[in-house]
**Student:** 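Please find one structure pasted underneath; my questions will follow.
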Amino acid sequence: MAESSVLRAESYQKIFDALNTAEQVQQMTEATMRGEVYGTSGFHHEISKLISRATKLTAHDGDRKSEDYRNQAG
């Protein structure tokens, strides 16, 4: 942990400097337009448990007897 507030602020800023924000904005926009949650697979799993529904769109033509199909919403 940084020793001063200035060093902490610089370290925090470096996190954002390393991100490809243009790409992430595009990904967020696309997810929003599709009605999906934007985030990691772990985040999707946690959110799907909270809202009791799928957080990503899936193909409608699945094997309805498969484990993956039945557990889409967590």
Side-chain angles (χ1 to χ4, degrees):
M1 181 162 205
E3 295 179 17
S4 73
S5 60
V6 172
L7 290 175
R8 281 192 300 273
E10 289 173 357
S11 295
Y12 187 70
Q13 182 61 47
K14 287 178 185 178
I15 293 170
F16 294 98
D17 291 341
L19 298 176
N20 184 346
T21 54
E23 182 180 329
Q24 288 179 320
V25 167
Q26 180 65 31
Q27 291 171 348
M28 285 185 257
T29 300
E30 290 173 3
T32 301
M33 296 299 288
R34 289 188 307 265
E36 296 180 349
V37 172
Y38 174 77
T40 64
S41 60
F43 183 71
H44 277 271
H45 183 71
E46 291 299 317
I47 296 300
S48 69
K49 286 192 318 188
L50 289 172
I51 64 174
S52 299
R53 60 173 263 200
T55 57
K56 277 192 166 190
L57 297 177
T58 58
H60 293 286
D61 59 81
D63 175 7
R64 287 169 171 48
K65 294 181 181 179
S66 75
E67 191 74 21
D68 288 338
Y69 185 87
R70 288 186 307 216
N71 293 321
Q72 287 183 53

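Every heavy atom of this structure was used, including side-chain atoms; hydrogens, water molecules and symmetry mates were not.
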**Student:** With the 4.5 Å side-chain cut-off for hydrophobic clustering, are Val6 and Tyr12 part of the same group?
**Tutor:**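 No: no chain of side-chain contacts under 4.5 Å links Val6 to Tyr12.
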**Student:** With sequence neighbours excluded, tell me which residues meet salt bridge (Lys or Arg N to Asp or Glu O under 4.0 Å) with Glu36.
**Tutor:**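 With neighbours one apart ignored, the set is Arg34.
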**Student:** If you round to the nearest 0.5 Å, how far is OG1 of Thr32 from CD of Gln27?
**Tutor:**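 If we round to the nearest 0.5 Å, Gln27:CD and Thr32:OG1 are 11.5 Å apart.
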**Student:** Looking at every heavy atom in both His44 and Tyr38, which two are closest together, and how far apart are they?
**Tutor:**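 Nearest pair, atom of His44 first, then Tyr38: NE2-C, 4.5 Å.
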**Student:** Check Thr55 against Ser48 and note the closest heavy-atom contact, atom names and distance.
**Tutor:**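 Shortest heavy-atom separation between Thr55 and Ser48 comes out as CG2-N, 3.7 Å.
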**Student:** So if you build clusters from Ile, Leu, Val, Met, Phe, Trp, Tyr with side-chain heavy-atom gaps below 4.5 Å, do Phe43 and Met28 land together?
**Tutor:**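 Each belongs to a different hydrophobic cluster.
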**Student:** Passes side chain to side chain contact (heavy atoms under 4.5 Å, CB included), Glu46 versus Lys49? Steps please.
**Tutor:** CA-CA 5 Å; Glu46 291 299 317; Lys49 286 192 318 188; 3.5 Å; yes
**Student:** Within this structure, what is the CD-CZ distance for the pair Gln13 and Arg8, rounded to the nearest 0.5 Å?
**Tutor:**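 Gln13 atom CD to Arg8 atom CZ measures 15.5 Å (nearest 0.5 Å).
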